[in-house]
2 protein chains.
Amino acid sequence: MNAPALLTSTEENYLKAVFALAQPRIGTNALADRVQTKASSATDMIQRLAEKGLVEYERYRGVGLTPSGRVAAAAVIRRHRLWEVFLAEKLGFGWHEVHDLAEELEHVQSPELIRRLDAFLDTPSYDPHGDPIPRADGTWPTAAGIRLDQVPVGQSFAVAGAADRTDELLDYLHRVGMVPGTEWTLSEIVPFDGTRTVQTRSGRTLDLSALAARHVLVQPHESQTPNA
Amino acid sequence: MNAPALLTSTEENYLKAVFALAQPRIGTNALADRVQTKASSATDMIQRLAEKGLVEYERYRGVGLTPSGRVAAAAVIRRHRLWEVFLAEKLGFGWHEVHDLAEELEHVQSPELIRRLDAFLDTPSYDPHGDPIPRADGTWPTAAGIRLDQVPVGQSFAVAGAADRTDELLDYLHRVGMVPGTEWTLSEIVPFDGTRTVQTRSGRTLDLSALAARHVLVQPHESQTPNA
DNA sequence: CTTTATTTTTAGATTTGTCTAAATTTGAAT
DNA sequence: ATTCAAATTTAGACAAATCTAAAAATAAAG
């Protein structure tokens, strides 16, 4: 329960992999695959992380995260996803290009840097892929609903919120009338680029890019078959 | 003359140190001091860099950079100083805080990242300390004059240009009338914070912060003693 | 309940970058 | 020209992270 010792980049990468794959435990081979190494190397590394109290490990039984391992993993993921937002929103990289770069940037050790980066980006809750960004305290944003890009065609829903607080997004959603509380139905998903067409009960339609759809949180309704 | 092989962070740090200290050669001890290591380690590293053709090394005689070493060093320094500009201008770090962080960020390997970062920052020519940023092609910005913060009290000068192209700086200089071709005399340097007071021949005075003074390039006049 | 196949772990070696301590070389002083 | 001190290099060891190849444990199949 003392201050979290500094981890090497390699240790951080293993932690992330365990976090991603352990439900609740993951084997050495799968882990080695994930971090691009061999099973024997993974065993070595895991034993070190176990000594540091970050994973719980039993020989031949796989690994899982301890509570403090979960906190450490969230910190790394937070750094990773904030850098992804920076790369996409500020430098104009495509959402598919940002992962590898963030993989390097995430290991720069400085709480103050991350605090300021977070503020500079307007404290986003989701990265360019739509994945949640852990908060500074290690908690995860629980979607006030599900993301619009995960809603099936035909589903009706109410807008619950926006995935981040940038003026650009909020202005845009306000301008097109997609504000919390409003009711819509998803009528089409364009296969080519994932554009969503939604419409109000009064018949007004609106096209939203896949990116925009990832940033809109909605509360789906019971079902489109009105019974009861 | 083939593509420059990827260097490790450590190799890059040694290269920077040789660049900074070799005029034209530097000894093992001084180099070791600079990179926070021991002379024996420096010897090892230098021999590796010599094999890669980046430094010219003769036993017991010290090291200097080869032409391709100079190019590689410029690339590292370019990355370092661009990150410094980012940290200071975008994240609001003080100019004294940016060095150590840039030291880590500079080793992220991606030409495209640096290209985009450079554009995002409006292609600055000087970092927050006033040091020149090598261009993408490895050439160095030769000051159209000297920086105003290096002018002694009493000196007259003509404004030659601005150290970078950000709208903020250019707008500001335009607004206060400090545009290329105008004539001024430096009448005071405030010891506390380095603020410069300058005045026109007609007597108008203007206070410039130390930061602003670092970003103004001037052409000093012969002398303040009017003879001939 | 054996046998076999898969997964996991150990053992020993390698690379990068470092260290201490001992051996060399250089250059300066007498 | 010797001697001496400072700078530099070698030698040998170590820690982190990895690998290959061999050994051990588990799980699956008959």
Side-chain angles (χ1 to χ4, degrees), chain A residues 4-18 21-65 69 72-73 76 103-104 106-109, chain B residues 4-18 21-65 69 72-73 76 103-104 106-109:
Chain A
L6 280 218
L7 301 175
T8 66
S9 296
T10 313
E11 288 174 324
E12 290 189 339
N13 286 334
Y14 273 96
L15 262 192
K16 266 197 310 175
V18 176
L21 302 175
Q23 297 146 13
R25 300 178 92 89
I26 173 67
T28 313
N29 266 327
L31 184 56
D33 265 25
R34 176 80 168 212
V35 300
Q36 307 258 59
T37 180
K38 296 299 163 68
S40 56
S41 305
T43 301
D44 283 355
M45 194 67 218
I46 280 159
Q47 291 176 341
R48 290 187 21 182
L49 290 175
E51 273 172 30
K52 295 193 179 190
L54 296 167
V55 300
E56 49 188 17
Y57 168 62
E58 214 177 331
R59 277 150 82 261
Y60 294 100
R61 285 272 133 75
V63 269
L65 289 175
V76 182
E103 202 72 20
E104 290 195 65
E106 75 188 8
H107 299 298
V108 174
Q109 300 280 3
Chain B
L6 280 217
L7 301 175
T8 66
S9 297
T10 313
E11 289 173 325
E12 290 189 338
N13 286 335
Y14 273 96
L15 261 192
K16 266 198 310 174
V18 176
L21 303 174
Q23 296 144 17
R25 296 175 149 261
I26 173 69
T28 313
N29 266 327
L31 184 56
D33 264 23
R34 177 80 170 212
V35 300
Q36 307 259 59
T37 180
K38 293 302 162 68
S40 57
S41 305
T43 301
D44 284 354
M45 196 67 217
I46 280 160
Q47 291 175 342
R48 289 186 23 179
L49 290 176
E51 272 171 31
K52 295 192 179 191
L54 296 166
V55 300
E56 48 188 18
Y57 168 62
E58 214 176 333
R59 277 151 80 259
Y60 293 100
R61 284 272 133 75
V63 270
L65 289 175
V76 182
E103 202 72 20
E104 290 195 64
E106 74 188 7
H107 299 299
V108 174
Q109 301 280 4

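What's counted below: heavy atoms across the whole structure, side chains too, no hydrogens, waters or symmetry copies. Just so we're on the same page: letters track the sequence lines, and every chain starts at 1.
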- Test Val63(B) against every option in Ile46(B), Leu21(B), Leu54(B) by the side chain to side chain contact (heavy atoms under 4.5 Å, CB included) rule and name the one that passes.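 Only match with Val63(B) under side chain to side chain contact (heavy atoms under 4.5 Å, CB included): Ile46(B).
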- Query: Which heavy atom in Val108(B) sits nearest to a heavy atom in Glu104(A), and how many Å separate them?
  - Reply: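 Taking Val108(B) first and Glu104(A) second, the nearest heavy atoms are CA-OE1, 3.6 Å.
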- Item | Nearest heavy atoms of Ala50(A) and Tyr57(A), plus distance in Å |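 Scanning both residues completely, I find the closest heavy atoms to be CB-CB, 4.0 Å.
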- Message: Test side-chain contact (heavy atoms from CB on, under 4.5 Å) on Arg25(A) and Glu56(A); report intermediate values, then the result.
- Response: CA-CA 9 Å; Arg25(A) 300 178 92 89; Glu56(A) 49 188 17; 3.9 Å; yes
- What is the 5' to 3' range of DNA chain C, first to last nucleotide, that sits under 4.0 Å from any heavy atom of chain B? dT16(C) to dG27(C)
- For DNA chain D, note the earliest and the latest nucleotide, 5' to 3', having some atom under 4.0 Å of a heavy atom belonging to chain B.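 Counting from the 5' end, contacts occupy dA7(D) to dT10(D).
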- Reported CD-to-CG distance for the pair Glu103(B) and Asn13(B), which is rounded to 0.5 angstrom: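 Between atom CD of Glu103(B) and atom CG of Asn13(B) there are 5.5 Å.
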- Task: Could you grab the distance from atom NZ of Lys16(A) to atom CG of Leu65(A), nearest 0.5 Å is fine?
- Result: 13.0 Å
- Determine the contact category for Gln47(A): base if any of its heavy atoms lies under 4.0 Å from a base atom, sugar-phosphate if only primed atoms, P, OP1 or OP2 are that close, otherwise nothing. sugar-phosphate
- Task: For DNA chain D, determine which residues of residues 35-46 of chain B have any heavy atom closer than 4.0 angstrom to one of its atoms, and list them numerically.
- Result: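 Close to the strand are Ala39(B), Ser40(B), Thr43(B).
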Should [X] and [Y] count as side-chain neighbours, where that means a heavy-atom distance under 4.5 Å?
X        : Y        : answer
Glu11(A) : Leu49(A) : yes
Ser9(A)  : Tyr14(A) : no
Leu15(B) : Leu7(B)  : yes

- Message: Would the distance check show the side chain of Thr43(A) and the main-chain N or O of Ala39(A) forming a donor-acceptor pair, the cut-off being under 3.5 Å?
- Response: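 Side chain of Thr43(A) to backbone of Ala39(A): a pair is present.
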